[in-house]
Each structure stands twice: as C-alpha cells, then as structure tokens.
Amino acid sequence: MGLHDFWEESVNNIRLRRFLVEDLTIHEGACIIAGGEAKHISKVLRMVRGDPLILMDGKGACFLAEISFVSHNEVTVEIKKTLPAAPPSPIDITLCQAVIKSGPMDYLIQKTSELGVNRICPFISSRTVVHFQSDKQQKKLKRWKEIAHSAAKQCNRAIPAKITPTQTFKAQLANLESEPGIKAILWEGETARDLKALIQSHEPRAQFIGMVGPEGGFSPEEILTAQKAGFSPVSMGARILRSETAAVTLVAVVQYEWGDLNANKDFDPF
C-alpha cells in the first residue's frame, strides 16, 4: 500500500472535523483559512500540519483537505479531492419565527438548522416580548448566522440555513403571500385542524412554510391576517408547547412526513 492510499484509508476511519469558509478561494490546489475558523483550528483544536479536515464553502461544495501550514492568524490547507455533498432534503422548509428570548432563540436556530430547515425568517408580532434597536438587530443576525453555520458543520449539511433580517409580522406575510407551497401557522386557538391533518390532506410538496408565534402566541386579528395571506391555522394538539419546542416539533414532523428523516445508506459523508 502506497503512502497516499494509507493516508486516505486512515482518513476514512475517523470522524473528520468540518469547517465552513465563505468566499472560499482555491489557488493551485491550496486554500488559506482566516478569521474565526482559523483560530478554532489552531487555538482551540490545536490541529497541526498533516491533520486532515473537511472544508465547506457554504454553497454546496465540500473538499477533503490537509493542513500544510499553521500561523498565528491563518491556516493553509492543501485540497486533496472534492467530496460528494450530502443530498438536500426533498422538502424546502421555511420557518417564520417570532423573536423570543435570546437563549431559546439560539436553541431554536441550532436545532431547526440541524433538522434541515432551509430558511429561518424572524419577525416581530404584537405579543413579542423581546425588542431591540437596529444596531442590535445586526449583532443578533450575525450571531444567528454563526449558529446556523455551526449547525451545518455538526450535521453535515452542505448549505447552512439562511437567516433573513428581522421584519414586522405584516411585512413577513406580504413577502410570503405569493410564494408557493403549503403554509401553516401554529395557533393554540385552532380546534378544527391539527398539523397532522393538514399534512395528510395534501400530497407531498416541494415547499412548506410554517409560522410560529412568540411566548404569548398570536392574536385573533393576526390569525385572520395570516389566513388572508394563504396560511392555514393548525394546532399541535392538547399540549401547550414553548415557542422553541413548537418550532423544532413543526420542522421535525414535516421532515418525517415529507423530508429526509430516514436512513440513506447510499451516501457516505466520510
């Protein structure tokens, strides 16, 4: 067995670390990693020359790479080969989420990203408790994107969930009104139809848009406005769920029914 074959066999037998680098530039088979990912590689993980890793560009491309040089602020890697990206879910899920307290919101973004949601759209509704100024909105958006990126690395998804800037409830509905797919809004006041009944009343679709309210839920007026925009009110049964729990459950149920919560034995992500 040659040295190259031995190296690749060794790589196949370990769980490789994944790193996401936006605006990834490969020149003559090498790439320079800077910023937070470089610090994580060198300072936190203390990886060294010769260590293998998986590099993701956040747009769907994945590469097997090996560290060739580590400096104070940068890590240079040699690209060994292009890897097949994990297949996308057959269902495109958008989660419209009312902004909630910091900890639960971070948890929600992390877990729904791991479950494969494609887009998370935060909004402010009439019963939203958390409010922040425009400068803090940018900081929150940056943090949420970082969480989505970390979740993508954790669960081996090639493209992280997209996080949109925070909008008002009405602006959110206006943007989504013309979009195709099944649209559902969770409401504890709905007694005629639950999420399961809504899903089972339709053939599998390519797009699903779910809307979850804040800690205090939606007002009846907001439900009427959402219905005019094409959203169907549904309940989650008799249990009263926290907002973040409801969001995670919503995404998990849709993925179970129409998505990729199954064993794909044909894909080997390393």
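Numbers for residues simply follow the sequence, beginning at 1.
Contact between Ile185 and Ile223 at its shortest, heavy atoms only, is CD1-CD1, 3.8 Å. Considering every non-hydrogen atom in both Trp187 and Pro233, the closest pair reads CE3-CB, 4.4 Å. The nearest pair of heavy atoms linking Thr249 to Thr245 is OG1-O, 2.7 Å. Annotation for Leu20 and Pro160: closest pair CD1-CG, 3.3 Å, computed over non-hydrogen atoms. Nearest approach of Val212 to Ala246, heavy atoms of both residues: CG1-CB, 4.3 Å. Taking every heavy atom of both residues into account, Val234 and Ala184 meet most closely at CG2-CB, 4.1 Å.
Rounded to the nearest 0.5 angstrom, Ile124 CD1 and Thr128 OG1 are separated by 5.0 Å. Atom NZ in Lys153 sits 12.5 Å away from atom CD1 in Ile54 (nearest 0.5 Å). Remark: Met56 CE to His149 NE2 distance equals 9.5 Å, nearest 0.5 Å. Between the OG1 atom of Thr94 and the NZ atom of Lys162 there is a distance of 9.5 Å, given to the nearest 0.5 Å. One finds the CE atom of Met211 at 8.5 Å from the SG atom of Cys121 (value rounded to the nearest 0.5 Å). The CD atom of Glu244 sits 10.0 Å away from atom NZ of Lys101, with the distance rounded to the nearest 0.5 Å.
At a threshold of 4.5 Å between non-hydrogen side-chain atoms, the residues His202 and Trp258 count as touching. For the pair Ser113/Ile147, no side-chain contact is recorded, criterion being any heavy-atom separation below 4.5 Å from C-beta on. For the pair Thr166/Trp144, a side-chain contact is recorded, criterion being any heavy-atom separation below 4.5 Å from C-beta on. Taking 4.5 Å as the limit, some side-chain heavy atom of Thr164 sits within range of a side-chain heavy atom of Pro122. In this structure, Ser232 and Gln227 have side chains that are not in contact, with every pair of non-hydrogen atoms separated by 4.5 Å or more. Side-chain contact check for Leu173 versus Phe231: some heavy-atom pair is nearer than 4.5 Å. Here the side chains of Leu83 and Lys81 are in contact, with some heavy-atom distance below 4.5 Å. In this structure, Leu55 and Val21 have side chains that are in contact, with non-hydrogen atoms separated by less than 4.5 Å.
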Hey, mind stepping through Phe63 and Leu53 against side chain to side chain contact (heavy atoms under 4.5 Å, CB included) and telling me if it holds?
-> CA-CA 8 Å; Phe63 305 92; Leu53 54 85; over 6 Å; no

Quick one: do Met236 and Asp194 satisfy side chain to side chain contact (heavy atoms under 4.5 Å, CB included)? Show the steps, please.
-> CA-CA 6 Å; Met236 295 287 277; Asp194 57 25; over 6 Å; no

Under the side chain to side chain contact (heavy atoms under 4.5 Å, CB included) rule, what do Glu66 and Asp51 come out as? Steps first, then yes or no, please.
-> CA-CA 6 Å; Glu66 179 184 349; Asp51 285 346; over 6 Å; no

Side chain to side chain contact (heavy atoms under 4.5 Å, CB included) between Val99 and Phe123, intermediate numbers included | CA-CA 6 Å; Val99 175; Phe123 64 89; over 6 Å; no

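For the pair Glu114 and Lys111, the salt-bridge criterion is met [side-chain N within less than 4.0 Å of a carboxylate O]. Taking the charged nitrogens against the carboxylate oxygens, Arg119 and Glu179 do have a contact shorter than 4.0 Å, which makes a salt bridge. Under a 4.0 Å N-O distance rule, the pair Lys80/Glu78 qualifies as a salt bridge.
Using a 4.5 Å cut-off between side-chain heavy atoms of Ile, Leu, Val, Met, Phe, Trp and Tyr, with links allowed through other members, Val130 and Leu141 fall into the same hydrophobic cluster. Clustering ILVMFWY residues whenever any of their side-chain heavy atoms sit less than 4.5 angstrom apart, transitively, puts Leu195 in a cluster other than the one holding Phe218. Residue Ile32 is not grouped with residue Met47 when hydrophobic side chains (ILVMFWY) are merged at heavy-atom distances under 4.5 angstrom, including chains of intermediate members. When the side chains of ILVMFWY residues are joined at heavy-atom separations under 4.5 Å, either directly or via intervening members, Leu176 and Ile163 end up in two distinct hydrophobic clusters. Placement of Val253 and Ile182 within a single hydrophobic cluster is found when ILVMFWY residues are connected by side-chain heavy-atom separations under 4.5 Å, directly or transitively.
Between Gln97 and Ser243, the side chains place a donor N or O and an acceptor N or O closer than 3.5 Å (distance only, hydrogens not considered). If you check the side chains of Ser150 and Gln110, you find no donor sitting under 3.5 Å from an acceptor. Using modelled atom types and a 3.5 Å distance limit, the side chains of Glu188 and Ser235 yield no donor-acceptor pair.
Counted within 6.0 Å of CZ on Arg127, heavy atoms from surrounding residues, nucleotides or ligands total more than 12; the atom is thus considered enclosed.
Without hydrogens or angle criteria, Gln255 side chain to Glu257 main chain gives no donor-acceptor distance under 3.5 Å. Asp106 places no side-chain N or O within donor-acceptor distance of the main-chain N or O of Ile109, the cut-off being under 3.5 Å.
Between Ile93 and the choices Val117, Ile120, Leu250, the side-chain contact (heavy atoms from CB on, under 4.5 Å) rule is met once, by Val117.
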